Engineer: 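Structure provided below as structure tokens; questions to follow.
Keep in mind that this is a model prediction, so the values were computed, not measured.
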Amino acid sequence: MITGYLVNINKSIKDYALYILKIWLPYLILVIGYAVLSLYLPVRDGIKAFDIPTILDVLFIKSIGPYWFLHAMIVCGIIYYFAFHISYKLDITAKYSTFASLLIIVSLTPPFLSIKTAIYYFIGVGIRQYYKDFSRIYKRSLWPLIPFGLLITNTCFHDWGTISVLVCVISFLSFSSYFFSFLKDRTKLAIEYIGRNTFPIYIFHPIFTMLSKFILPIFIFDSTGVLHSIFTILISIVGSIYIGKILDWSHLSILLGRKKILR
């Protein structure tokens, strides 16, 4: 939803194509890398054979691992730009309706695009086009922590196709902004730094989540799995940022379509 809101389509075709390319390059490299690792490491949706048909399938059709999100960004982004530039004579509602129609049509060819996930991108676009200010959709408050907690602790509410996930998003934005207002000095700077660098954390964290499965026996004393999850999150954040530092230092960030990965 936030991604749909942040995407700027007021660009020339050349500039927007460059934006898509900057998503496609890391997607290409990371999906292939994830596919290779999945042959040897324990992952849920790995591949069984490394051949051209399989690689083309995971790159262009269904994707694998956490990188389905980049795939959805590319597909939704292209449709978004086309729908809102198809004619300057159409008003916003007509363009938004065209965007919705195209998303539905494309989603009818599964697994190329899931309407359950595309709907959140669609909502984000609507917020940008009609309301402009993202902060208007939530209010800073501690109370939304209650419905958030109830929803995430019951697996029956974890279906992306239900309103519960959207309620979770709005609730999280509300109570997290409430807590953020109390942060001071170094803690606030650290949180802001992580927030600015969610891109490297997102693309590199699977390395650490896969490796963390090998140290699971160390946490056998914790039947809840919470301690292992916290440890995995911490090493994923720190490790991903340091990979970004190394790539920036070695100027290899250009392989991912960026002069620098860290901001």
Side-chain angles (χ1 to χ4, degrees), residues 1-13 15-20 22-23 27 66-107 113-152 157-181 191-192 194-199 201-202 263:
M1 187 169 69
I2 295 173
T3 300
Y5 172 79
L6 291 176
V7 173
N8 178 17
I9 58 167
N10 296 319
K11 298 178 178 180
S12 65
I13 295 179
D15 289 340
Y16 197 78
L18 184 61
Y19 158 74
I20 296 295
K22 287 182 177 180
I23 303 173
Y27 173 75
Y67 303 115
W68 62 266
F69 180 67
L70 295 179
H71 181 271
M73 280 182 67
I74 294 170
V75 176
C76 291
I78 292 173
I79 296 174
Y80 179 23
Y81 189 86
F82 175 78
F84 277 76
H85 286 81
I86 192 171
S87 175
Y88 291 103
K89 295 180 180 179
L90 299 176
D91 59 23
I92 291 179
T93 301
K95 294 177 180 179
Y96 196 48
S97 299
T98 302
F99 180 41
S101 301
L102 291 174
L103 287 177
I104 294 169
I105 292 171
V106 172
S107 70
L113 179 67
S114 169
I115 196 65
K116 289 184 178 182
T117 54
I119 187 63
Y120 295 95
Y121 190 102
F122 176 74
I123 292 171
V125 170
I127 296 169
R128 183 184 185 96
Q129 295 297 329
Y130 289 102
Y131 296 99
K132 311 300 182 185
D133 185 0
F134 191 82
S135 63
R136 291 178 62 186
I137 69 168
Y138 65 92
K139 298 295 181 182
R140 183 182 300 173
S141 173
L142 183 60
W143 287 99
L145 181 59
I146 299 174
F148 179 82
L150 292 171
L151 288 171
I152 66 169
F157 296 122
H158 292 183
D159 184 358
W160 283 70
T162 65
I163 193 66
S164 60
V165 177
L166 183 59
V167 174
C168 276
V169 173
I170 304 301
S171 297
F172 178 81
L173 291 171
S174 298
F175 75 76
S176 63
S177 61
Y178 174 84
F179 283 120
F180 187 75
S181 64
I191 296 297
E192 289 177 339
I194 292 173
R196 289 195 304 272
N197 291 292
T198 51
F199 176 72
I201 294 172
Y202 172 71
R263 298 173 64 188

Engineer: Would you indicate whether Lys11, at its atom NZ, is surrounded by more than 12 heavy atoms from other residues, nucleotides or ligands within a distance under 6.0 Å?
Structural biologist: yes

Engineer: Distance-only, no hydrogens or angles: does the Ser164 side chain make a donor-acceptor pair with backbone N or O of Phe157 under 3.5 Å?
Structural biologist: yes

Engineer: With heavy-atom distances below 4.5 Å as the criterion, would you say the side chains of Ile194 and Ile201 are in contact?
Structural biologist: yes

Engineer: Measuring from Ile191:CD1 to Phe179:CZ, what's the distance to the nearest 0.5 Å?
Structural biologist: 12.5 Å

Engineer: Go through the steps for Trp68 and Thr117 under the test side chain to side chain contact (heavy atoms under 4.5 Å, CB included), then give the verdict.
Structural biologist: CA-CA 10 Å; Trp68 62 266; Thr117 54; 3.8 Å; yes

Engineer: Do Tyr138 and Val169 have side-chain heavy atoms sitting under 4.5 Å apart?
Structural biologist: no

Engineer: Does the gap between the ring centers of Tyr130 and Tyr96 come in under 6.0 Å?
Structural biologist: yes

Engineer: Determine, step by step, whether Tyr121 and Tyr80 satisfy the side chain to side chain contact (heavy atoms under 4.5 Å, CB included) criterion, reporting the C-alpha distance in whole Å, the side-chain angles of both residues, the deciding distance to 0.1 Å, and the verdict.
Structural biologist: CA-CA 10 Å; Tyr121 190 102; Tyr80 179 23; 3.7 Å; yes

Engineer: Step by step, work out the side chain to side chain contact (heavy atoms under 4.5 Å, CB included) result for Ile9 and Val7.
Structural biologist: CA-CA 6 Å; Ile9 58 167; Val7 173; 4.2 Å; yes

Engineer: To the nearest 0.5 angstrom, please state how far the CD1 atom of Ile170 sits from the CD1 atom of Ile137.
Structural biologist: 4.0 Å

Engineer: With sequence neighbours left out, write down each residue that passes salt bridge (Lys or Arg N to Asp or Glu O under 4.0 Å) with Lys116, or none if nothing qualifies.
Structural biologist: Asp159

Engineer: Step through it carefully: locate the ring centre of Tyr16, locate the ring centre of Tyr81, and say whether they are under 6.0 Å apart.
Structural biologist: yes

Engineer: Quick check on the 6.0 Å ring-centre criterion: do Tyr178 and Trp143 meet it?
Structural biologist: no

Engineer: CH2/Trp160 to CG/Leu166 distance, rounded to the nearest 0.5 angstrom?
Structural biologist: 11.0 Å

Engineer: Do you know which two heavy atoms are closest between Tyr131 and Arg136, and how far apart they sit?
Structural biologist: O-NH1, 3.4 Å

Engineer: For Phe180, does the CZ atom sit with more than 12 other heavy atoms under 6.0 Å from it, leaving out its own atoms?
Structural biologist: yes

Engineer: Looking at Leu173 and Met1, what are the two nearest heavy atoms and their distance?
Structural biologist: CD1-CE, 4.4 Å

Engineer: For a 4.5 angstrom cut-off between non-hydrogen side-chain atoms, does Phe148 reach Val167?
Structural biologist: no

Engineer: Quick one, Phe99 with Gln129, criterion side chain to side chain contact (heavy atoms under 4.5 Å, CB included). Give me CA distance, side-chain angles, the key distance, then yes/no.
Structural biologist: CA-CA 12 Å; Phe99 180 41; Gln129 295 297 329; over 6 Å; no

Engineer: Please report the interatomic distance CD1(Ile104) to CG(Leu113), rounded to the nearest 0.5 Å.
Structural biologist: 11.0 Å

Engineer: Rounded to the nearest 0.5 Å, how far does OG of Ser176 lie from CG of Leu145?
Structural biologist: 10.0 Å

Engineer: Pair Phe134, Tyr5 - check ring pair (Phe, Tyr, Trp, His ring centres under 6.0 Å), show working.
Structural biologist: CA-CA 7 Å; Phe134 191 82; Tyr5 172 79; 5.0 Å; yes

Engineer: With a 4.5 Å limit on heavy-atom distance, are the side chains of Arg128 and Asn8 in contact?
Structural biologist: yes

Engineer: When you check the side-chain N and O atoms of Thr93 and Asp91, is any donor under 3.5 Å from an acceptor?
Structural biologist: no

Engineer: Taking His85 for its side chain and Ile13 for its backbone only, find out whether a donor-acceptor pair lies under 3.5 Å.
Structural biologist: no

Engineer: When you measure from the side chain of Ser171 to the backbone of Cys168, do you find a donor-acceptor pair of N or O atoms at a distance under 3.5 Å?
Structural biologist: no

Engineer: Distance from Leu102 atom CG to Ser97 atom OG, nearest 0.5 Å?
Structural biologist: 11.0 Å

Engineer: For the residue pair Phe199 and Tyr202, is the inter-centroid distance of their aromatic rings smaller than 6.0 Å?
Structural biologist: no

Engineer: Indicate yes or no: at least one non-hydrogen side-chain atom of Ile105 is less than 4.5 angstrom from one of Leu103.
Structural biologist: no

Engineer: What heavy-atom pair brings Lys95 and Tyr88 nearest, and what distance separates the two atoms?
Structural biologist: NZ-CA, 4.4 Å

Engineer: Within the distance-only criterion (no hydrogens, no angle test), does the side chain of Ser174 pair as donor or acceptor with the backbone N or O of Pro144 below 3.5 angstrom?
Structural biologist: no

